[in-house]
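Scope of the values below: all heavy atoms of this structure, side chains included, with no hydrogens, waters or symmetry mates. Letters go in sequence order (proteins before strands), and every chain restarts at 1.
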2 protein chains.
Amino acid sequence: LVLLTELYISSMPSSQTIFPFSVSEEHKCLNSELWHACAGPLVSLPAVGSRVLYFPQGHSEQVSASTNKEMESQIPNYPNLPAQLICQLHNVTMHADAETDEVYAQMTLQPLSPQELKDPFLPAELGNASKQPTNYFCKTLTASDTSTHGGFSVPRRAAEKVFPPLDFTQQPPAQELMAKDLHGNEWKFRHIFRGQPKRHLLTTGWSVFISAKRLVAGDSVLFIWNDNNQLLLGIRRANRSQTVMPSSVLSSDSMHIGLLAAAAHAASTNSRFTIFYNPRASPSEFVIPLAKYVKAVYHTRISVGMRFRMLFETEESSVRRYMGTITGISDLDPARWPNSHWRSVKVGWDESTAGERQPRVSLWEIEPLTTYPMYSSPFPMRLKRPWPTGLPSLYGG
Amino acid sequence: LVLLTELYISSMPSSQTIFPFSVSEEHKCLNSELWHACAGPLVSLPAVGSRVLYFPQGHSEQVSASTNKEMESQIPNYPNLPAQLICQLHNVTMHADAETDEVYAQMTLQPLSPQELKDPFLPAELGNASKQPTNYFCKTLTASDTSTHGGFSVPRRAAEKVFPPLDFTQQPPAQELMAKDLHGNEWKFRHIFRGQPKRHLLTTGWSVFISAKRLVAGDSVLFIWNDNNQLLLGIRRANRSQTVMPSSVLSSDSMHIGLLAAAAHAASTNSRFTIFYNPRASPSEFVIPLAKYVKAVYHTRISVGMRFRMLFETEESSVRRYMGTITGISDLDPARWPNSHWRSVKVGWDESTAGERQPRVSLWEIEPLTTYPMYSSPFPMRLKRPWPTGLPSLYGG
DNA sequence: GTGTTGGCGAGGCGCCGACAA
DNA sequence: TTGTCGGCGCCTCGCCAACAC
């Protein structure tokens, strides 16, 4: 039912290089720009070959979110599985569910041995935030956009920015647009500029697209004009009560056990294991660059009462900052995951509509405002246990 | 995306009683007759409260079939997990995927302690094969049935058997039929008897059903006229290259590990665990009544060369017997699952089109023809290890 | 600048028997 | 007995501008 198309970004010459869409038609490559645009401006994938931290806790949260079921208490403990694993990231492939176009990434991780941890630190491992495309727009579909009664109303600025210019000597000005989706399928639309007042519209071809992708009002579409003068087309479904399955394959408990046991086994044997990261289902990234973690945990001093900023995605696929105050620092799950930095920071948000923002975040997700603290705490945060392996030596080089 | 409706058959007064469809509308009960009709004539669920054997190997096969991926070799061993677990079956609920209508069952199992194994044997635990409904028909959809050009051609005998009789004084004779699917949704069809030569047709309402369920030529529909004079309507999709997802949630390796670790943990603590059984995805039942197992393994003597029969499902949802010869008896996976009876019998099939029938079966799936052996083997099968716990004492009562 | 609606033309949906396998 | 097709009526899709906010 669900087939996958994939792009082996490990074969990319550099993570900065933009991967041409049609390099290998036989692999039906997934366009990296489009994948990232669909994933959202805040999502970045660590570089292949770099060292990362993997959080089983965060992975578990993704399974809970995907199955709509909390983990039961009957799950066995894995005493040898630490709250975070330092891993080598061997491979990252981008995927899209052929049914729903939901984007996700597959990563191959290998826990590092204490010996390997002593390797010199590579500056490149800081990673670079995935560049969002510049020539693009994202619109949330209205009732009119999705009804069978008409086409798609293109916001004026968007049309002028990302669509090829129309020939205004024609009456009415019109052209045929062709856009490729994540799977490489081509969609044709008639782009016309008409009406009183004049406006940009997509007419013929639009309803086929809407019904094929089963889009409804509230979902979003995303057009990109890339450097190869190609039009790319992605979709983002609204969060309608979790776009997921309780899985008729495996109980959610077994899934939780599975990911924990897989990680524990990989950790004990230093062997590779595979995980899926679904950026729009997961509450937070659970595979992060080692350098990002080290910077946040070892080079940042935070304390209760400190002010901070944090990035969030807006409806229009851009970012904005929300402000808040740190209200506490403690383990999220002291029994199962003691001394974990995963969501160890309790926070309060400035804006009263903050009910939707999570009350706990991780250090590397926030931007502390050290210059203007609201009030300083007499208890600055200190690490209870220093890093057990020789991590600081990573800096010695 | 996928919501579930369910029927707690554990609340049924007896497994023989037919559960009325509309007893509890608030639970949106799943009709047991319809579930079994969709599952097929060979599928039976063990009785709630009875003792069963659970085969991790078979469960693993279901995951492989569902994810289209074989288990990799990196899976850890679970030395304390035997090839079969004797369990108490605490709960069985029937489900249907809200997206695809695919039927599956959820079972809660609890491994029995050696002490509990000594409990007297209950004759009721032999279980009774689920009765297939009598007034029903199943038709594989033709190109005409699924095209937008027309309706559904009802086979004459089927219409006369399961649909209410038409009033033949009208010209043409026609009526409105209402049928409920697994989720309790009602579908209305115009049933008319017309054409030259005369035939039964479903016209108005049919194409809505076809497009809503996304049926294509090759899929099957199934109508049941039950004892409450209700018309039930189920679907069975053709095996189009496995109707499944490689799961953007969890890697298939983690799933395999998950089911094994969950079973191993439950076995070591004698605690309950939950599994999903998908009869149309799984090659074989992997939860079978203990009595069935005991009868097949301890009360049947088989040998190489012996002739046997085995039941298979036909296109029209009835059963037929295929004949074959036992060609060997050995472990399917001697390294991982030594001394397992799961698919321990190697067989050859009489009919040359036998490529689709599995080359290995389990003892309890076949019907040895002890009266007419083709030739008798000098090496009758003997159990290598007698039952480790006091199983034979179960018969003492 | 853009979401919705009434108007209306055309294409495909869907009902019919003919025909053949 | 039943799968497919040509015929064709009508309904809904889908293009248009008007209008409102």
With a 4.0 Å cut-off on N to O distance, would you call A/Glu351 and A/Arg320 a salt bridge? yes

Below 4.0 Å: OP1/OP2 of D/dC15 and any side-chain N or O of A/Thr204: yes

Give, for atom OG of B/Ser318 and atom CG of B/Leu42, the distance between the pair rounded to the nearest 0.5 Å. 9.5 Å

Does C/dC15 have OP1 or OP2 sitting under 4.0 Å from an N or O in the side chain of B/Arg194? no

Between B/Ser207 and C/dG14, is there a contact of a side-chain N or O with OP1 or OP2 at under 4.0 Å? yes

So does A/Lys198 get a side-chain nitrogen or oxygen closer than 4.0 Å to the phosphate oxygens (OP1/OP2) of D/dC16? no

Do B/His149 side-chain and D/dG6 base share a donor-acceptor contact under 3.5 Å? yes

Whole-Å distance, B/His200 NE2 to D/dT1 P, equals 9 Å

If you measure from CG on B/Leu182 to CG on B/Leu34, what distance do you get to the nearest 0.5 Å? 4.0 Å

Roughly how many Å is it from CZ in A/Phe152 to C1' in C/dT2, rounded to a whole number? 11 Å

Nearest-Å distance, CZ (B/Arg156) to C1' (D/dG3)? 17 Å

Would A/Asp181 and A/Lys213 pass as an ion pair if we require N to O under 4.0 Å? yes

Determine the sole option in B/Phe209, B/Phe189, B/Trp187, B/Trp206 for which the ring-ring contact (aromatic ring centres under 6.0 Å, His included) test with B/Phe152 is passed. B/Trp206

Testing D/dC15, D/dA18, C/dG3 for proximity to the side chain of A/Thr203, the answer is D/dC15

Does B/Ser144 have a side-chain nitrogen or oxygen under 4.0 Å from the phosphate oxygens OP1 or OP2 of D/dG3? no

Think B/Ser153 has a side-chain N or O under 4.0 angstrom from the OP1 or OP2 of D/dG3? yes

Rounded to whole Å, how long is the line connecting atom CZ of A/Arg157 with atom C1' of C/dT2? 14 Å

According to a strict under-4.0 Å criterion, is B/Lys139 in side-chain N/O contact with OP1 or OP2 of D/dG3? yes

Of A/Glu367, A/Gln358, A/Arg321, the one forming a side-chain contact (heavy atoms from CB on, under 4.5 Å) with A/Met310 is A/Gln358

Return the value, rounded to whole Å, for the distance between atom CD of A/Glu160 and atom C1' of C/dG1. 11 Å

Assess the pair A/His191 and A/Phe163: is the distance between their ring centroids shorter than 6.0 Å? yes

Report for the helix from C/dG1-D/dC21 to C/dA21-D/dT1: angle between first-end and last-end helix axes, five pairs each, rounded to 10 degrees. 30°

Starting from P on C/dC16, measure out to CH2 on B/Trp206 and report it in whole angstrom. 16 Å

Taking for each residue the nucleotide of DNA chain D bearing the nearest heavy atom, is the 5' side occupied by A/Val208 or by B/Gln196? B/Gln196

Would you kindly give the CZ-to-P distance between B/Phe193 and D/dT2, to the nearest whole Å? 11 Å

Rounded at 0.5 Å granularity, tell me how far CZ in A/Arg194 sits from CZ in A/Arg199. 8.0 Å

Closest to the A/Pro197 side chain, choosing from D/dA20, D/dG3, C/dG3: D/dA20

A/Thr142 vs B/Gly151, nearer the 5' end of DNA chain C by closest nucleotide: A/Thr142

Quick note, A/Thr148 side chain, CB onward, closest among C/dC16, D/dG14, C/dG3 is D/dG14

Gap between atoms CD and P, on A/Gln171 and D/dC16 respectively (whole Å): 13 Å

Classify the side chain of A/Arg199 and the base of C/dG3 as holding, or not holding, a donor-acceptor pair under 3.5 Å. yes

